[in-house]
Amino acid sequence: VPPPAPFLSSLYPRLEFQNDFYRSCIRRSSPQPPPNLAWRPESLYSEELAGGGYLSLSKVVPFSHYAGTLLLLLAGVACLRGIGRWTNPQYRQFITILEATHRNQSSENKRQLANYNFDFRSWPVDFHWEEPSSRKESRGGPSRQGVALLRPEPLHRGTADTLLNRVKKLPCQITSYLVAHTLGRRMLYPGSVYLLQKALMPVLLQGQARLVEECNGRRAKLLACDGNEIDTMFVDRRGTAEPQGQKLVICCEGNAGFYEVGCVSTPLEAGYSVLGWNHPGFAGSTGVPFPQNEANAMDVVVQFAIHRLGFQPQDIIIYAWSIGGFTATWAAMSYPDVSAVILDASFDDLVPLALKVMPDSWRGLVTRTVRQHLNLNNAEQLCRYQGPVLLIRRTKDEIITTTVPEDIMSNRGNDLLLKLLQHRYPRVMAEEGLRVVRQWLEASSQLEEASIYSQWEVEEDWCLSVLRSYQAEHGPDFPWSVGEDMSADGRRQLALFLARKHLHNFEATHCTPLPAQNFQMPWHL
């Protein structure tokens, strides 16, 4: 029985569609170029898009109209801006001064250029890391790969570094690299985040104007060995009646600090000459604030102070706040002739502080990431320095404590002091001395400190005579063996005396500005 007519009428179009589809698939699977024409794969894709309705003349024409209109608007805005600048006499004067400064970096041109605030990328380079003649002649200076850093010891000592071990470590190393270059760096240096800098820009511009107008500050761009440009500000007090003006204080800011509004105000109020600089990636400085780049920046800053500003290393004081202790201790280690080091609210090592803010299950990853990419080993570098050191501990610090701000014994400044004293005076900081210093560090007020100090009847004159006698006989280089043939009571007195000379308490939180009266030179014999 033949099928009914409605069924045939619905079947035949479907069969016809299937035949057309199969023929089109065969034709598309083996495309043949037309005669005398070069076949291009793009034509196949265009046919597919056009056949599917994705690319048609009716849709392309409006899109091209929108794109052309947008380009015309952008070109018009650029032309209007150019015309506005060209017709502005002040802008033309600025361009004239900028071009003159690029040709001749005289003090007069620099003075006139400092009256304008513009993109620091256009500022001419004032000092190059290879500029000192001693570095061009010697091979011991930094290379373009960077200055020397203390490398951490391997986590598993004695393990053969075979190809199989390298392959096993590769996933962990890749993970550590990604964490350090994404989340880790921004958590460690939030001042390098673009949005934060944009929010702080009005405050930074106001602070920069104050330094230039009220303090006669001189801005300069330094080129480090890694190619980063470092933004600096120098205030010269050598021509004033202040005796402290003959000393230069190089300030190292915190992880969200800028020289425009940072710790430079403390030595300025105290009457010192001051050189402030911004971390790589902060404000006008370029780059990314990793430890190697930080050390490279600090190196060119110190070279600038010595070879361009004319300060001797014996007249330079390194002052750091918080995370700036890394570059400060690196400078003290690399330039051992600097006069003194002052560390305010700083720490001994980054690993305990990083573990504090991360989940406990990430302990292995955090430790590995810090050691390989963000190794801020302040205590290790500070122990390489032979000069005077002063540590300022914030008694209500909420940042560098590993528990709560009220637990003053969890302040990592304590560990920095203990490691320094144990390195310099290992015999004094034996069991008895270490115990009594820990007891003294538990004091959270000046009254408690004085009580512990008087409890052990510390005779300061006797301590000074012992230390001076040892220095006269054995020289000033640390470590000292003083206290080797001393009674337990004598070691306790010396330990308390040395701890009190190397650490001062400041009853404040982490970000409270340090008053000028608390900015004191470190003790030395």
Side-chain angles (χ1 to χ4, degrees), residues 150 152-153 157 314 325 328-329 332-343 346-349 377-393 408-409 411-443 448-505 520-525:
L150 296 179
E153 295 184 359
R157 301 184 62 180
Q314 296 80 7
T329 54
M333 174 186 68
S334 304
Y335 295 90
D337 295 332
V338 295
S339 176
V341 174
I342 303 175
L343 303 180
S346 194
F347 52 89
D348 62 323
D349 189 28
N377 49 348
N378 298 350
E380 186 180 7
Q381 295 182 153
L382 185 61
C383 290
R384 304 288 182 100
Y385 176 60
Q386 298 285 330
V389 176
L390 174 62
L391 308 180
I392 300 175
R393 182 180 66 165
I408 196 170
M409 282 306 294
N411 190 309
R412 296 306 299 186
N414 302 333
D415 301 85
L416 184 58
L417 173 69
L418 293 175
K419 291 178 180 179
L420 177 65
L421 294 182
Q422 286 176 324
H423 170 76
R424 293 189 170 189
Y425 312 98
R427 302 293 187 272
V428 173
M429 294 299 295
E431 184 178 355
E432 301 88 357
L434 182 61
R435 187 183 301 113
V436 74
V437 171
R438 287 186 180 276
Q439 182 184 359
W440 178 78
L441 289 172
E442 290 180 0
E448 293 181 11
E449 288 183 38
S451 175
I452 296 173
Y453 205 72
S454 62
Q455 175 186 349
W456 295 102
E457 299 179 351
V458 179
E459 298 180 9
E460 295 192 354
D461 293 338
W462 176 80
C463 294
L464 282 173
S465 63
V466 170
L467 294 174
R468 286 170 178 168
S469 299
Y470 182 90
Q471 184 185 45
E473 183 178 354
H474 299 88
D477 294 338
F478 297 108
W480 287 8
S481 59
V482 62
E484 188 173 10
D485 300 327
M486 191 177 294
S487 64
D489 184 67
R491 285 196 293 268
R492 291 190 191 97
Q493 290 193 45
L494 270 180
L496 277 176
F497 174 80
L498 292 170
R500 195 175 187 182
K501 293 298 183 183
H502 285 81
L503 185 141
H504 292 174
N505 280 329
Q520 303 173 3
M521 289 298 102
W523 168 83
H524 66 281
L525 287 174

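Count residues from 1 along the sequence. Keep in mind it's a predicted model, so treat the numbers as computed, not measured. Basis for what follows: all heavy atoms, side chains included, without hydrogens, waters or symmetry-related copies.
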Return yes if some donor-acceptor pair links the side-chain N/O of [X] with the main-chain N/O of [Y] below 3.5 Å, else return no.
X: Asn378; Y: Ala328; result: no
X: Arg491; Y: Met486; result: yes
X: His423; Y: Cys383; result: yes

Please round to the nearest 0.5 Å and tell me the distance separating atom [atom1] of [X] and atom [atom2] of [Y].
X: Gln455; Y: Leu496; atom1: CD; atom2: CG; result: 9.0 Å
X: Leu503; Y: Trp523; atom1: CG; atom2: CH2; result: 14.0 Å
X: Leu434; Y: Leu418; atom1: CG; atom2: CG; result: 6.0 Å
X: Leu416; Y: His502; atom1: CG; atom2: NE2; result: 11.0 Å

- Task: Test Glu431 against Arg435 for salt bridge (charged side-chain N to carboxylate O under 4.0 Å, His left out), laying out the working first.
- Result: CA-CA 6 Å; Glu431 184 178 355; Arg435 187 183 301 113; 2.9 Å; yes
Report yes if the side chains of [X] and [Y] come closer than 4.5 Å at any heavy-atom pair, otherwise no.
X: Gln493; Y: Cys463; value: yes
X: Ile408; Y: Arg393; value: yes
X: Ser481; Y: Tyr470; value: yes
X: Arg500; Y: Val458; value: no

Do you know which two heavy atoms are closest between [X] and [Y], and how far apart they sit?
X: Ala332; Y: Val341; value: CB-CG2, 3.5 Å
X: Leu391; Y: Gly413; value: CD1-O, 4.4 Å
X: Leu150; Y: Gln381; value: CD1-CG, 3.9 Å
X: Ser339; Y: Gln314; value: CB-O, 3.1 Å
X: Pro479; Y: Pro426; value: CB-CD, 4.0 Å
X: His504; Y: Lys501; value: NE2-O, 4.4 Å

- Message: I'd like to know whether Leu343 forms a side chain to side chain contact (heavy atoms under 4.5 Å, CB included) with Thr329, so could you lay out the CA-CA distance, the side-chain angles of the two residues, the decisive distance to 0.1 Å, and finally the verdict.
- Response: CA-CA 9 Å; Leu343 303 180; Thr329 54; 4.0 Å; yes
- Where do Val428 and Trp480 land on the side chain to side chain contact (heavy atoms under 4.5 Å, CB included) test, with the steps shown first? CA-CA 9 Å; Val428 173; Trp480 287 8; over 6 Å; no
- So, do Phe497 and Tyr453 have ring centers that fall under 6.0 Å from each other?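 Phe497 vs Tyr453: aromatic centres not under 6.0 Å.
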- Task: Let me see the working for Leu498 and Arg424 under side chain to side chain contact (heavy atoms under 4.5 Å, CB included), right down to the final yes or no.
- Result: CA-CA 10 Å; Leu498 292 170; Arg424 293 189 170 189; over 6 Å; no
